[in-house]
There are 2 protein chains.
Amino acid sequence: MKAMRTKTKQNQIPAISLDPADCNCLAIRQAARQVTQFYDRHLGVIGLRTSQYSILSKLLRLGPQSINALAMLMAMDRTTTGRAIRPLERDGLIEVAARDDARTRVMQLTAAGRVRLKEAQPLWREAQRDFETRYGGGEAASLREALSRVVSLH
Amino acid sequence: MKAMRTKTKQNQIPAISLDPADCNCLAIRQAARQVTQFYDRHLGVIGLRTSQYSILSKLLRLGPQSINALAMLMAMDRTTTGRAIRPLERDGLIEVAARDDARTRVMQLTAAGRVRLKEAQPLWREAQRDFETRYGGGEAASLREALSRVVSLH
DNA sequence: TGTGTAAGGGTGCATATGCGCCTAATTTCA
DNA sequence: TGAAATTAGGCGCATATGCACCCTTACACA
C-alpha cells in the first residue's frame with residue numbers, strides 16, 4: 001500500500017472508476033430489485049411485503065417507536081415512513097400508543113400484528129435460507145457489512 | 001475449510017444467519033435508498049433521476065432497445081420499464097424508432113436526449129467520485145462485484 | 001408571560017416498483 | 001393454411017420513495 005502510494009502521483013487516489021458502466025447507484029438498485037422480489041415472493045403468501053415485515057420486526061424487537069425514530073431505524077425518509085405504516089394501521093397490525101407529547105405518533109404492535117409476525121417468521125427464514133444457500137452464507141455476511149458501511153456514510 | 005466440514009455435522013452449511021437483524025433484503029434496500037438519494041441530489045440539478053440517467057446512458061452505449069431488452073439490461077420488471085420511459089418520452093429525450101415487428105417499441109435517444117446526457121455526465125461523475133472517495137474505490141469495486149452476483153442469482 | 005425557535009408530522013406531487021390480467025402481433029406446426 | 005402457442009406490451013391496482021411546503025405543539029428565554 002505504502003509502496004503503491006510512493007510509486008506515482010496517479011496512484012495517490014487508487015481505483016476510483018468514473019466509467020458509466022460502473023455506476024454504484026445502478027448496481028445497488030438492480031440488486032435491491034432482485035432481492036426484494038425474492039423475499040416478497042416468499043412473504044407474499046400471507047400478504048406482507050418485505051418492507052412491512054421489516055417494520056413489524058423492528059417494532060417487536062425494539063418496542064414502540066415514533067415515526068421519526070422508525071424512519072431513522074429503517075434508514076428511510078420520514079414522510080415515506082409515515083405512509084408505509086398506513087396499510088399496517090389499516091389492517092390492524094399496529095396502532096398508535098399513548099402519547100405524552102401531542103406532536104408524536106408512537107406506533108406499537110397490536111395482538112393481531114404479533115400473530116401476523118409469528119406467521120411471517122417461517123416464511124422470512126425460508127427466504128433468508130434460500131438466499132444464503134444460493135449466494136453463500138459468508139458472502140452474504142460480507143455483503144451486509146459492506147452495505148451497512150454505505151448506510152453509515154450518512 | 002475441509003477441516004471445518006469434517007469437524008461436526010452442523011458445520012456442513014456454514015454461517016447462514018437466520019437472525020431477523022441480519023435480513024439481507026432490509027440491508028440492501030436501506031443502502032439503495034441512501035445511494036439513490038446521494039446520486040439524485042447531484043443529478044437533480046438538471047432535473048434527472050438516477051434511474052433516468054441510467055436508461056439514457058444504456059441507450060447511448062448500447063443503441064436503440066425494445067422495452068423488454070431495456071428491462072433485461074436494467075434488471076427491472078417489463079412493466080416498470082414501460083412506465084419509466086414515459087417521462088423521458090414526454091420530455092423529448094427518447095423516441096420510438098422504426099419498427100419491423102409491430103409488437104415492439106424500440107426506444108432511441110433523440111438529439112435533445114444526447115444533449116441532456118452530456119450535461120448529466122459531469123454531474124454523475126461528481127456523484128461517483130464523491131461516493132468512491134468516501135466509501136473507498138477498491139471497496140466500491142468489490143461491492144459492485146458482490147451486487148452483480150446477487151443480480152445473476154436470477 | 002409572551003414570542004421566537006425547534007421538533008414532529010402531514011399533504012401534494014412526481015416518479016418507482018411489480019403483480020395479475022388483458023390485447024395484439026407473430027411464430028410454430030399439424 | 002389455419003389453429004395453438006409464444007412474444008411484446010399496456011393497464012389497473014397497491015405500495016414505495018422523497019422533496020417542498022405547511023400546520024401544530026413544545027420549549028427556551030428575554
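Lettering of chains follows the sequences in order, A, B, ..., and the numbering in each one begins at 1. Because only heavy atoms are used, hydrogens play no part in the values below, and waters and symmetry mates are left out as well, while side chains stay in.
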Between [atom2] on [N] and [atom1] on [X], what's the gap in Å once rounded to a whole number?
X: B/Met74; N: C/dA16; atom1: CE; atom2: P; result: 9 Å
X: A/Arg83; N: C/dT17; atom1: CZ; atom2: C1'; result: 16 Å
X: B/Ile28; N: D/dA16; atom1: CD1; atom2: C1'; result: 16 Å
X: B/Gln34; N: D/dG18; atom1: CD; atom2: C1'; result: 12 Å
X: B/Ile67; N: C/dT17; atom1: CD1; atom2: C1'; result: 15 Å
X: B/Met76; N: D/dA8; atom1: CE; atom2: C1'; result: 18 Å
X: A/Arg49; N: D/dA16; atom1: CZ; atom2: C1'; result: 8 Å
X: B/Gln30; N: D/dA16; atom1: CD; atom2: P; result: 15 Å

Next item on the list: Considering only NZ, NE, NH1 and NH2 on the basic side and carboxylate oxygens on the acidic side, decide whether B/Glu139 and B/Arg144 come within less than 4.0 Å.
Entry: no
Margin query: Tell me whether B/Arg105 is salt-bridged to B/Glu89, with the criterion being a basic N under 4.0 Å from an acidic carboxylate O.
Written below: yes
Taking any heavy-atom pair under 4.0 Å as a contact, classify [X]: base, sugar-phosphate, or nothing.
X: A/Thr79; result: base
X: B/Arg29; result: sugar-phosphate
X: A/Thr80; result: base
X: B/Asp101; result: sugar-phosphate
X: B/Arg78; result: base
X: B/Arg86; result: sugar-phosphate
X: A/Ser66; result: sugar-phosphate
X: A/Arg90; result: sugar-phosphate

Identify which nucleotide among [options] has an atom closest to any side-chain atom of [X], counting heavy atoms from C-beta outward.
X: A/Asn68; options: D/dC19, D/dT15, C/dG9; answer: C/dG9
X: B/Arg33; options: C/dG18, D/dT17, D/dT15; answer: D/dT17
X: B/Arg103; options: C/dG8, C/dT26, D/dG10; answer: C/dT26
X: A/Thr104; options: C/dT15, D/dC19, C/dG8; answer: C/dG8

Next item on the list: Starting from the 5' end of DNA chain C, give me the residue, A/Gly82 or A/Gln37, whose nearest nucleotide shows up first.
Entry: A/Gly82
Check: B/Asp77 or B/Asp100: which one's nearest nucleotide on DNA chain C is closer to the 5' end?
Finding: B/Asp77
Notebook entry, point to check: OP1, OP2 of D/dA16 versus side-chain N and O of A/Ser51: anything below 4.0 Å?
Noted result: yes
Note to self: Measuring to OP1 and OP2 of C/dG10, would you say a side-chain N or O of A/Arg105 lies under 4.0 angstrom away?
What the structure shows: yes
Test item: [X] side-chain N/O and [Y] main-chain N/O as donor-acceptor pair under 3.5 Å:
X: A/Glu132; Y: B/Ser17; result: yes
X: A/Asp91; Y: A/Leu93; result: no
X: B/Ser54; Y: B/Thr50; result: yes
X: A/Glu95; Y: A/Gly92; result: no

Checklist line | Residue whose closest nucleotide on DNA chain D lies nearer the 5' end, A/Ile85 versus B/Ile85 | finding: B/Ile85
